[in-house]
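Chain identifiers are assigned alphabetically (A, B, ...) following the order of the sequence lines, protein sequences preceding nucleic acid strands; residue numbering begins at 1 within each chain.
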Amino acid sequence: MIENHKPKIGVYVCHCGSNIAGTVNVDDVRKWAQEKLGPEGVVIARDYKFMCSSLGQELIEKDIKELGLERVVVAACSPHLHEKTFRTAAEKAGLNPYLTELVSIREQVSWVHTDKAIATEKAKSLVSGTVQRIAYNTPLEKQKVPINANTLVVGGGIAGIQAALEIANAGFHVYLVEREPSIGGHMAQFDKTFPTLDCSACILTPRMVEAGTHPNITLMTWSEVTNVSGFVGNFDVRILKKARYVNEDVCTGCGICTEKCPKKVIDTHYEAGLGYRKVVYTPFAQAVPRFPVIDRPNCTFFQKGTCKACEKFCPTNAIDFKQEDEFINITVGNIILATGYDLFDAGRVTNYGYGRLPNVFSSIEFERLSNSAGPTGGEITLRDGKTKPETVGIIHCVGSRDKNFNNYCSSICCMQSLKFAHIVRERTGADVYEFYIDMRTPMKAYDEFYQRVLDEGTLFVRGKVAEVTNAARYPHEKGKLIIHVEDTLVGKQRRIPVDMVILSNGMEPRHDAKQTGQTFGISCSSDGWYIERHPKLDPVSTMTEGIYIAGCATGPKDIPASVAQGAAAAARVLDKILQKEVEMEPIRASVIEENCSGCRICNSMCPFNAIAFIGDLKVSRVNPALCQGCGTCVAACPAGAITGTGFSNEQIFAQIDGLLMTV
Amino acid sequence: MTAKPKFAMYWAASCGGCEIAVLNTHEKILDVDANFEVVFWPVAMDAKYKDVEAMEDGSILLTLWNGGIRNNENAEMAHLLRRKSQILVAFGSCACEGCIPGLANLSPLNEIFETAYHTVSTENPQNIHPQVSYPAPEGTLTLPTMNPVLKTLAQVVDVDYFMPGCPPESHQIAAVIDLVIQVVQGKAELPPKGSVIGCGDSTVCDECPRTRNVKAITAFKRIQDVAPLDPELCVLEQGVPCNGPATRSGCNARCPRAGAQCIGCYGPADDVIDYGARLITAFASVVDAREPAEIEAILDGIPDPTGQFYRFNLADSLLRAGKGAAMSRPNAITSGGKP
C-alpha cells in the first residue's frame, strides 16, 4: 500500500466442481466480497466453476487489463497446487506475480468441514484476511542462482545405486555415501528375489561393480553425512569418513589379512548372527569396494597392543593402525536420500518366541540360511545346523498391520513368505503352512507366483497367529513348536505342530531416520517414513527443494519399486542440473541496520549461513544471494530489526485484522 | 510578569518510585519550580481533586502521569487530567505498559483479593475484606471499584508522549524537563505526538560494553547460580536470561554494566510489537539442543516465564490479560470474601 492509495483488488472464487461448491456457498462468498470488502479495495468479485481452467484464467487476465486491477485474490485450492498457475496468468496480463495470492478454501475449508454455513463463514474470513494483507504486497523479482552439477546420494542400497548410476551415466558427478563397509544394502543379503527367483547377488553385483568403478562416481563407504547446509543448487556437506585402518590407496583387496586374522566374532549384521566373520573383514565376497575394515572394538591389537597378524602378512603394507576418522567437505547441487529401512525386530512380538524358542527364525535369518554363500551353504536346517525340518510354519505380518506395532502393511511380506515356502519345499520337501491375514500380491507376475506356490502344495491358513509355543498338550505335539491360530475360514481354533517357524518381519523406518531427516531438513510422517512433496504426483521430492527421497526411506517397497524410485529421483536431479540455474523465490530477509544492536542472536540461526556479523559496525547483515526466505531469523530477532519480504508486520497484522473481521 | 506554565504530576497504580526519580534529579527540580507553576502534585503538595476540576480545560501545560489504570478513580483522574492538560505524558513503565501491577492481569479479581486478604501470609484476625461501600454511622463510606484488569494510560485516554523506565533514569528526566523548558522559551520544538521520549532508539545491547559472540545456550541459570559472572562477556551467553536484546535503550545498560541481567524495564524497542513473544522466540532460537527432551530441560531453566518475558509489558502485550481476569466482573471485589 503506497501512502493512502488503496489498490484495486479482484476476488475470484472457485467452485472446483463440487469440491468447494459442495460445502461452501460460493455465490454467497462472492457477493459478500463484492459488497463488504468494497471499502477494502475490492472492485470486482467473480465466481467460476473451474478457475484454473484456461477460461477461468482468461477471466482474471481480462479484468486486469480492463478494470486495471492491481491485486488479485483467488479463493481456490492450496497454493501448492495452483499458485503458479494464477501468478503466471496475472503476469501475462502485466501484473507482477507477487501481487496475486491464493486463499485455500478447499484444503483448509471445504475438505475439512461439513457444516455449509460455518464453512462459508470461514471462507469469507480467509478471503478477508488475504484482501487486507495483499494491499501491502509489493512487486518482487525472482532471482536466479547457478546449480552445482554434483549430486550426493546417501545410501548404497539398490535404490541409491540406481540413482547414482543414472546420474553418472548422464555425465554428471555423484558422491555415493554408504555407512556400511560395502554398498549393496539389504538386497546383498538375499538369496532369491520374488517372483522370478533370480539370484539376488547375480543381478545386484554387476550394478555394484559398475557403481564402484564408474569414473563419475566417488564412492565413500564406511562414511556418514554429519552436516548439511545451504540450499538447492549449493549444498555444503560434511562427511565423516570413519577409519578403516586400511590404506585404500595401496590395498589390493587380496584378502590375505582376513585369512590370517586369528580372531572370529559372530556376524550379527550381514549373517544375521548365524555365522562368524574375522575382525578384519569385508562383509561378503562380492563387497564393493573390496577394501576390508578393521573392527576396532574387537581387534586384539587395539585391545591388547599385540597381534598385528594382518599387518605382518599384508603384501602391500596397507594396514594402518594409526589411521583416524576424517571429515570431508563437499559441495553439491542436489541430494538424494535412499537410506532404506530397518527390519522389524521380531523379538518384540514376544508371543512368537523369537529369541526364546531356538527354531523360530526371522526372515533375514532364513534368507541367510537359504543363501548358498550363507553359513550353511544353502542347507535349510534347524538351529542345530544339522536337522532338516519336516514341517515349517511361516507367519505373515510380524510387526505389520498390528495396532501393537505398526499399522501399515509392509508390502513385501506376502511375497517374501511365498518365496520362503517355495524354497523350503524345493530344498527339503517339508510340509509348509502359511499363516496370513490377507494375501496381497498385486504387482506384475506376483499373483501367478502365489498360484504356483498353491499348486506346489503349500497349505494356507487364514488367521493371525496367537502364539508359538513349545508347551505340548498332546503326544503328537511333543518336541515340536505349536502354532496356535484361529483359522477364520474354518471358523475354529487350531494347533499346528511344526519343526520350524519363519517369521515374516515387516519393515520399519531407520532407527535414526528422524535425526537424518533433521540433518537434511526434511520431515517424517507419524509412522517415521520420509514425507513426499505429494504422495501421488511428486513421490520422490520433499518439501525442501533439492532434497529427493527414493526407495524404502519413503515407505516399504519391493525391489522394482525401489529401483524405479531411484531412477525417478535421478531424473528429477538431472532436470535441475540441465536447467543450469535455479529460480529462487524472492522472499528474503533483511536487517534494518539502524535497529540492529548486534546482539548476535540471529547469527547461528540461518540454515543457509546467510547471516554475517559486521564487527566494525556491530550489526548483523543478511546476504540476499544466500537467504532462502525461511523466516527463522525474522522470528528470532528480539529487536524486530529483521523483516521478511512478503511477511512484514503490516502484512501479518492486516491479515489478522481481516481474519477477525465480522463476516 | 507573565504567568508561568502550569505543571502537574499524578500517581495512579504504581509504587511511587517514579515520583522519587523526579526528586532524584537533585537541583534540576529547582528548574521545574523556576519555570513552572506546580498546580497539582499530590505527593509533593496539598491539593484536592475539586481544585483540578475547577481549572480551565487545557490550562495545564504539562502533566506527568505515572501508574496504570486499576480502578475507577484512576480512570476518572486520567480523563480529568487529559481534559485539563495540553501535554499528557505517560511517565514510567506502569503508565506506558502496565509494569508490575499489570502482572495481576493473570488473575481474576476475586483471586487477587483472596490472596491479599485471606492467605497464610496475611495476618487478618478479623477476617476483613474490603467493600466498595460501608454504612458508617456518619454516612456511607465508599472506595473506588477495581476494574477487572489493569490498563495502560493509553488504553484509557489519548496520550501525547511516552517515557519508559522503572523508574525513568534521572538524567533522562532532566533532559526531558530541559527540553520542555526550551520549548516554552521557544528555543526548541516538541517531537511528533506519540513519540517515546527520554530514551534511546535502539536496544540495551547497543549501550552494553560486554563482548558478544554467536550464542549457543545449553542451560539457563539464575544469576546467583553463576559464580563468578564473566565481567567482559555477554550475560545471555553465560546462560543468564538477559532481556537486553529486545529492550529499549536509554538506561546506558545499567544492569549489565553492574553485573546483572537486564530485566526489561525500559520496555520494547521501536520495532518490537509484542515484547515477551519476541524474547521467547529469541531465547528459544539460541537453545543449543536437538532432542525435544533436552530442549524442554533447558527451557525449564526459566522457572517463571511470565515474570521473565512480561514482567513490565503484560498489560500492553497482545494478550493483555489472562482469560480469567479479562472475563471477571468489576464488582468482584465484594463477591470473594466474607463481610
Engaged part of B:Ile280 at the chain A interface, taking heavy atoms whose separation is under 4.5 Å: neither
Contact part of B:Ile217 toward chain A, heavy-atom cut-off under 4.5 Å: side chain, backbone, both or neither? neither
Hey, what do you get for [atom1] ([X]) to [atom2] ([Y]), rounding to the nearest 0.5 Å?
{"X": "A:Ser597", "Y": "B:Asp201", "atom1": "OG", "atom2": "CG", "value": "10.5 Å"}
{"X": "B:Thr203", "Y": "A:Asn595", "atom1": "OG1", "atom2": "CG", "value": "9.5 Å"}
{"X": "B:Leu236", "Y": "A:Cys599", "atom1": "CG", "atom2": "SG", "value": "8.0 Å"}
{"X": "B:Arg290", "Y": "A:Lys514", "atom1": "CZ", "atom2": "NZ", "value": "11.0 Å"}
{"X": "A:Met605", "Y": "B:Lys215", "atom1": "CE", "atom2": "NZ", "value": "10.5 Å"}

Heavy-atom pair of closest approach, residues B:Val214 and A:Ser604: CG1-CB, 3.4 Å
Taking the side chain as everything from C-beta on, heavy atoms only, tell me whether B:Glu237 gets closer than 4.5 Å to A:Arg600. no
Under a 4.5 Å cutoff for heavy-atom pairs, which residue among A:Asn603, A:Ile601, A:Thr643, A:Asn649 has the most contacts with chain B? A:Ile601
Take a 6.0 Å sphere around CD of A:Glu593 and say whether it holds more than 12 heavy atoms from other residues, nucleotides or ligands. yes
Shorter than 4.5 Å, heavy atoms on both sides: which option in B:Leu279, B:Asn243, B:Asp288, B:Asn213 has the most such pairs with chain A? B:Asn213
Can you tell me if B:Arg278 uses its side chain to pair, donor with acceptor, with the backbone of A:Ala639 under 3.5 Å? no
Would you mind checking which part of A:Phe613 comes under 4.5 Å of any heavy atom in chain B, side chain (CB onward), backbone (N, CA, C, O), both or neither? neither
Toward chain A: residues of residues 244-257 of chain B with heavy atoms under 4.5 Å: B:Pro245, B:Ala246
